[in-house]
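A short worksheet on the structure shown next.
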Amino acid sequence: MSVKDKLNKDLIPSHIAIIMDGNGRWAARHGNARIFGHEHGVEAVRSVVEGASEVGVRHLTLYAFSTENWARPKEEVNALMSLLVHAIEQETGKLNKNNVRLGVIGDVEQFPLEVKDKLFKCINNLKTNTGLHLILALSYGSRWEIIEAVRKVADYIKQGSVLPENITNEFFESFLSTKGIPDPELLIRTSGEYRISNFLLWQIAYTELCFVEKLWPDFRKEDLFEAILEFQARERRFGKTSEQILS
Ligand code: FPP
């Protein structure tokens, strides 16, 4: 029986987030430059998007470029930009065929004009699709996102549109870039690193974390299914007791 067949179809996480880590180390192990790892990372993205669609995941958020990644050597940043645009453009047809809708979270204003244009063109071309919602976190960082939200809330207060005592979780969340998207139920990080790296800090308050040893370019949909199987075996208590959950 394959791992996919073992999955409980009624317990598929509706939102999975992934920190795709290990491209550089993968390239080094293959005696190549870092970009070689990123290039092979695209194959992993393809497989995971396919797998998530197959089992009915509704939202898949991939951490593709963090606010901190801007500090990498210029050649790597440029190469990553071209790779992203190329991959998104090249995959649009297939994504469309698979009914995938594309979204983006992050400070995309920082991106070169050409990258932004192409990205928004693809998002527009796929906007009526009703299957998997693939969200790319680009120039994304949670601290940036939270500060942006706080600024907007402060503006509301300044205008007298809301009283501080009326600020609820829901109100605050409406200013985050993930507005309208349910919090991830499962977060996967590859490459054996046990960190969150400024990713969806607000949204992962009750998310199950799954750390995988494989480097991202080696990750495939079967590994995604393994992570979902592990998720399905966990007891999610949301601060309650086990007895309360089971009663
Ligand atoms: C982290 O590995 C990976 C990235 C910063 C980039 C991820 C990008 C891709 C997989 C390319 C394509 C993406 C899409 C969505 C088409 P790292 O470079 O930090 O690896 P290291 O920790 O081994 O150095």
Side-chain angles (χ1 to χ4, degrees), residues 16-53 57 59-96 98 100-108 110-112 114-116 118-123 125-126 132-142 144 187-200 211-221 223-224:
I16 299 179
I18 307 185
I19 302 176
M20 310 182 286
D21 196 16
N23 293 353
R25 276 163 283 165
W26 190 90
R29 279 182 204 174
H30 289 80
N32 256 299
R34 298 179 56 80
I35 190 65
F36 184 71
H38 297 314
E39 282 163 6
H40 282 266
V42 178
E43 283 163 40
V45 171
R46 209 174 281 133
S47 175
V48 162
V49 169
E50 222 175 81
S53 291
V57 173
H59 310 271
L60 175 69
T61 303
L62 302 179
Y63 204 7
F65 194 89
S66 72
T67 45
E68 290 72 25
N69 287 154
W70 288 112
R72 290 196 174 193
K74 208 164 172 34
E75 314 79 70
E76 185 175 347
V77 172
N78 290 341
L80 257 174
M81 292 290 146
S82 350
L83 183 66
L84 277 166
V85 169
H86 188 70
I88 293 166
E89 273 193 319
Q90 206 179 32
E91 296 298 315
T92 306
K94 192 151 180 236
L95 292 173
N96 199 25
N98 291 330
V100 176
R101 181 159 64 99
L102 187 63
V104 65
I105 56 171
D107 189 8
V108 276
Q110 302 301 320
F111 276 73
E114 192 209 349
V115 177
K116 268 192 297 192
K118 292 192 170 161
L119 177 67
F120 285 108
K121 208 161 152 195
C122 294
I123 290 178
N125 286 338
L126 303 172
L132 175 73
H133 182 199
L134 171 63
I135 304 151
L136 301 180
L138 296 174
S139 189
Y140 175 86
S142 262
W144 163 82
L187 169 73
I188 302 166
R189 182 176 188 142
T190 58
S191 90
E193 303 280 357
Y194 302 89
R195 279 190 298 279
I196 299 302
S197 301
N198 202 9
F199 189 42
L200 302 174
F211 296 99
V212 177
E213 291 301 314
K214 270 192 185 175
L215 303 177
W216 178 251
D218 289 330
F219 197 85
R220 290 294 178 271
K221 58 174 143 178
D223 301 298
L224 176 77

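In listed order, ligands and their atoms are each counted from 1.
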**Asked** So which heavy atom on Arg195 is nearest to which on Ile19, and how close?
**Response** O-CD1, 3.9 Å
**Request:** Could you find the nearest protein heavy atom to atom 18 (O) of ligand 1 and give me its residue, atom name and distance?
**Result:** Arg34 NH2, 2.7 Å
**Asked** Who's closest to atom 6 (C) of ligand 1 heavy-atom-wise, of Ala64, Pro217, Ser197?
**Response** Ala64
**Asked** Do Glu75 and Asn78 meet the criterion of a side-chain donor-acceptor pair at a distance under 3.5 Å?
**Response** no
**Request:** Please confirm whether Asp21 comes within less than 3.5 Å of ligand 1 when only nitrogen or oxygen atoms on both sides are compared.
**Result:** yes
**Prompt:** Using the benzene-type ring in the case of Trp, are the ring centres of Trp216 and Tyr63 under 6.0 Å apart?
**Reply:** no
**Message:** Check for me whether Arg72 has a heavy atom closer than 4.0 Å to any atom of ligand 1.
**Reply:** yes
**Request:** Would you kindly say whether Asp107 and Ser139 are connected by a side-chain donor-acceptor distance under 3.5 Å?
**Result:** no
**Request:** Report the part of Glu193 (side chain from C-beta onward, or backbone N, CA, C, O) that has a heavy atom under 4.0 Å from ligand 1; answer both or neither where that applies.
**Result:** neither
**Request:** Below 4.0 angstrom from a heavy atom of Ala87, which ligand 1 atoms are there? Numbered from 1 as shown, please.
**Result:** 16 (C)
**Request:** Please confirm whether the backbone N or O of Glu43 pairs with a side-chain atom of Ser47, one donor and one acceptor, at under 3.5 Å?
**Result:** no
**Polar side-chain atom of Ser66 near backbone of Gly141 as donor-acceptor pair, under 3.5 Å** = no
**Prompt:** Taking non-hydrogen atoms only, is Leu136 closer than 4.0 angstrom to ligand 1 via side chain, backbone, both or neither?
**Reply:** side chain
**Item:** Numbered atoms and elements of ligand 1 in range of Val42, under 4.0 angstrom, heavy atoms
**Value:** 12 (C)
**Prompt:** Can Glu50 and Arg220 be said to form a salt bridge (Lys or Arg N to Asp or Glu O under 4.0 Å), step by step?
**Reply:** CA-CA 10 Å; Glu50 222 175 81; Arg220 290 294 178 271; over 6 Å; no
**Asked** Is there at least one pair of N or O atoms, one from Arg25 and one from ligand 1, spaced under 3.5 Å apart?
**Response** yes
**Prompt:** What are the atoms of ligand 1, with element, lying closer than 4.0 Å to any heavy atom of Asn69?
**Reply:** 5 (C)
**Asked** More than 12 heavy atoms of other residues, nucleotides or ligands under 6.0 Å from NE2 of His86: is that the case?
**Response** no
**Request:** Classify the ring geometry between Phe211 and Tyr194 as parallel (under 30°), tilted (30 to 60°) or perpendicular (over 60°).
**Result:** tilted
**Asked** Looking at ligand 1, does Ser191 have a heavy atom less than 4.0 Å from it?
**Response** no
**For ligand 1, the portion of Trp26 having any non-hydrogen atom under 4.0 Å away** = neither
**Complete:** Note: ligand 1 atoms sitting under 4.0 Å from heavy atoms of Trp216 are 10 (C)
**Request:** For the residue pair Glu68 and Asn198, confirm or rule out a side-chain donor-acceptor distance under 3.5 Å.
**Result:** yes
**Request:** Mark yes or no for whether Ser142, through its side chain, and Leu200, through its backbone, hold a donor-acceptor pair below 3.5 Å.
**Result:** yes
**Request:** Note the single closest protein heavy atom to atom 9 (C) of ligand 1, along with its residue, its atom name and the distance in Å.
**Result:** Asn23 ND2, 3.9 Å
**Prompt:** For ligand 1, is any non-hydrogen atom under 4.0 Å from Leu62's backbone (N, CA, C, O), its side chain (CB onward), both, or neither?
**Reply:** neither
**Complete:** Residue, atom and distance of the protein heavy atom nearest atom 11 (C) of ligand 1 read His38 O, 3.8 Å
**Numbering as shown, the atoms of ligand 1 that approach Leu84 to under 4.0 Å (heavy-atom distance)** = 13 (C), 14 (C)
**Message:** Show the atoms of ligand 1 that are less than 4.0 angstrom away from any heavy atom in Gly24.
**Reply:** 17 (P), 18 (O), 20 (O), 21 (P), 23 (O), 24 (O)
**Request:** Under 4.0 Å from a heavy atom of Met20: give me the atoms of ligand 1 that qualify, with their elements.
**Result:** 1 (C), 2 (O), 3 (C), 7 (C), 10 (C)
**Asked** Can any side-chain N or O of Asn96 pair as donor or acceptor with the backbone N or O of Gly93 at less than 3.5 Å?
**Response** no
